[in-house]
Amino acid sequence: GRQDRPRLPPRVSSGSGHEPITFREFLTGWLELTWPQVAAAASHKFETRLESALEDVLGSLKGEVSYTVKFGDIAPEILEIYSYTKLTTADEGALVCGKMRWDACLDMQIKAGLARIGVDRVHLEGVGGLVAKPLLPYDPVLGGVQIFFCDCPDIRINFTGLGRVASWGSMEAMMDKAIKAAFSSMMVLPNRMVVRFANTKINDYPEFKQPPPIGMLRVHLVAASKLPAASVLPAVAVRHLFQSGGAVPDPYCVVNVGGNKEWKSRTITKASNPKWRGQEDFHDFLVYHELQVLHAQVYDENRIGTDGCVGALKNRSTIYNLIMQHIDKTELKLLLDTRTTSHGNSWTPPSPMKSTLSLKLEYFEFGDGHFNSCTSEATVKRPALLTVKLYHITGLPTEQATGIRIRLRVGNNEKLSKKSKSIHPKEFFGFGLRQSKIMHKLYEGGASVDAIASAYDLTTEIVDEVISVQSGTPTRFGWYETLHMLVDDPENAIACLEMEPPKGAKSRSILPVPRLTSRPVLSSPRLATPASNDWLPLGHDEGRLTQVLNSIMDADKDAGPGGGKLCNVLEYPGGGVSVGIAMKLTPATPMTNSEAICRFGLGRFGGEDTRRGAEQLERFTHRIPSGQRLSFGTPEGTNAGSQAVIVQDQSVTTCNPLQAWFRKRKV
């Protein structure tokens, strides 16, 4: 892709008789070749997710559930390729994005009374990515692989053995919900199906499993127009029988981006053309990929019964497409599909209505900078990304070290980690399960720990831990997980990081107090939940976020090879319990819509590192009319954007490059 790189001659037949294959066919074939190793690890991960998702089903069915997850020999298939990008993180990698399809084999049987229902296949299809990471400067070059879907894919489940019960429909619906939740928690962003190849040492395991978001999307709710009369919808018709003055909805909006938590707006009473306060009615969503989809539905609030859906976005729009449409516009006016309700009941309006929803979007980028409490007031009030990496826990007996969660609370926001579990030392020391079994076999055969450590170039402590784990007595427990949370006002936010009391540990006796607020307080009350669910603070009591962060990161003792700083669990009976933690606060930098599009598109085909990427950049530059200057990107941590200069009638106007190009086209 560089100027001095020679161009290849046109493709000609080699005379070998073999038909050339496309990159998509090569990538699909490569997945099929490596799938046996990937499928074994993925099956185990899915079983864990499925067990959690089935807890509600087990409680309601009170039946017997047995399942064996074996994804079989069918690897995910790449149908179309949209981009391939180089990842410039601590562990370099390559991301290929496209449309994927996967037929996953399952062997699941559920028995409840006389009913028996089974699942033998799950079909998934949607837009996603394949990440080859990390890239190593030695054999085997590729250290791991990650597979994800940008948005919840189309999932079709093949049920078998419906049994002798006529009312199996509710069971099937519950099973459908549980399986979809399990796949979403494993493969839909921000979640990824992650497999580390043996003998690969990962520098930062929590980040390898859960990479940070690339940015933040702020969605302002502006208005809606021509919302259908709610009395036409069967789900909410009863309420309007008792209203005077005709059927007028009480609309509110529910917005979501990818796997983020849904945001519900305030309700506007009796309005077919509601208007919200865009500067106040907004919400921030984390963005992990520009092809994540924005979902929005408008509901009619009903005080009696279920709220009815009066419309949803008609077109499936990605963040990239929406920001592209937003260029040179103050707001987006999107069509609503008013043909279905929240319960899926179809209806036909008496006359065609073009209902719309108006939004305003702002995109922010997370750079490499760190939050500084001494920055200007304008900078402080920008949102920031709080990253908390959880490593391992020390000081607890084996029987109490599993099933513990960590809770992060900032203001009124709360995020829970997964439950702690045993961790094999191979995960962060850079060897595989096969080597672990060989070490254990050598030890049982009479080899000394020193000899084994010398043969594998490891310390005796690591070999002792491996032998203990292979003997069925794990010694290391933890999470190796990352929590990401948006903080609106980092300077004044009140925060606390807490650990769930281990099973069997004595609870401390304290009284519940009000929830945290983002307002600074002079005499901060003790953060606590009711005594039946008491949590223990980590490293620092409840206080300003910057104080908590500095206290944890200034800890004297490192957490060891796993990473992080050792933070004491405060007020734990007897003391001596610590958790390895790393925290980081990264400010968000606002970008114009054209800058965001430039950022998304620059590396689509590998950027300057590939021939096609360089050609794309050159063509993109030439699309800008003559007389304009285009510079891609901005230095990290700065607010200055790329600018284009347009000369019109001896006057100079400065605007963003894509805005200039679109304006020229309209003329």
Side-chain angles (χ1 to χ4, degrees), residues 1-3 82-89 94-97 127 129 150 212-219 257 285-292 294 317-332 360-369 382 385 586-646 652-666:
R2 305 182 190 280
Q3 296 296 331
Y82 302 143
S83 64
Y84 43 90
T85 309
K86 183 178 180 181
L87 303 177
T88 56
T89 54
L95 165 63
V96 179
C97 185
V127 176
C150 295
I214 62 173
M216 181 195 87
L217 185 68
R218 177 166 291 175
V219 180
V257 174
F285 297 94
L286 291 175
V287 176
Y288 292 85
H289 197 280
E290 64 269 19
L291 295 187
Q292 287 183 281
L294 185 144
S317 299
T318 63
I319 295 174
Y320 181 91
N321 288 336
L322 290 173
I323 294 180
M324 177 66 84
Q325 296 174 38
H326 208 322
I327 291 179
D328 208 22
K329 293 181 180 178
T330 56
E331 63 184 49
L332 280 176
K360 179 183 177 182
L361 306 180
E362 291 182 275
Y363 184 77
F364 294 74
E365 183 182 50
F366 297 123
D368 295 330
R382 293 211 315 263
L385 173 67
T586 309
T589 302
M591 304 182 74
T592 65
N593 294 325
S594 57
E595 288 171 350
I597 292 298
C598 286
R599 187 72 74 194
F600 293 152
L602 286 184
R604 185 183 172 197
F605 296 107
E608 295 182 352
D609 294 325
T610 65
R611 178 179 294 106
R612 184 175 182 186
E615 292 174 351
Q616 283 290 115
L617 293 180
E618 186 178 357
R619 283 198 296 268
F620 186 83
T621 306
H622 289 165
R623 288 167 67 184
I624 306 299
S626 59
Q628 299 179 10
R629 176 177 57 82
L630 176 63
S631 61
F632 294 100
T634 61
E636 295 292 348
T638 65
N639 294 326
S642 46
Q643 300 291 322
V645 178
I646 315 170
V652 178
T653 305
T654 303
C655 67
N656 291 296
L658 285 183
Q659 290 177 334
W661 179 60
F662 274 93
R663 290 172 182 171
K664 189 72 174 179
R665 289 185 62 186
K666 290 180 180 180

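Hydrogens, waters and symmetry mates play no part in the numbers below; they use all other heavy atoms, side chains included. Not measured: the values here are computed from a predicted model. The chain is numbered in sequence order, starting from 1.
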Are Phe366 and Leu286 side-chain neighbours, meaning at least one heavy-atom pair lies under 4.5 Å?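 Result yes, sub-4.5 Å side-chain heavy-atom pair found.
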
Could you list the residues that satisfy side chain to side chain contact (heavy atoms under 4.5 Å, CB included) with Gln292, not counting sequence neighbours?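 In terms of side chain to side chain contact (heavy atoms under 4.5 Å, CB included), with neighbours along the sequence ignored, Gln292 is linked to Cys150, Leu189, Val257, Val287, Tyr288, His289, Ile319.
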
Starting at [atom1] of [X], measure out to [atom2] of [Y] and round the result to the nearest 0.5 Å.
X: Glu362; Y: Met216; atom1: CD; atom2: CE; answer: 7.5 Å
X: Leu361; Y: Gln325; atom1: CG; atom2: CD; answer: 9.5 Å
X: Thr85; Y: Glu290; atom1: OG1; atom2: CD; answer: 7.0 Å
X: Phe364; Y: Thr589; atom1: CZ; atom2: OG1; answer: 9.5 Å
X: Leu332; Y: Ile327; atom1: CG; atom2: CD1; answer: 10.5 Å
X: Leu294; Y: Leu217; atom1: CG; atom2: CG; answer: 6.5 Å

Search all heavy atoms of Gly215 against all heavy atoms of Tyr363 and return the closest pair with its distance. CA-OH, 3.5 Å

Restricting to non-hydrogen atoms, name the atom on Pro590 and the atom on Ala588 that form the minimum distance, rounded to 0.1 Å. CD-O, 3.7 Å

Donor-acceptor pair, distance only, cut-off 3.5 Å: does the side chain of His326 make one with the backbone of Asn593? no

Can we call the ring centroids of Tyr82 and Tyr320 under 6.0 Å apart? no

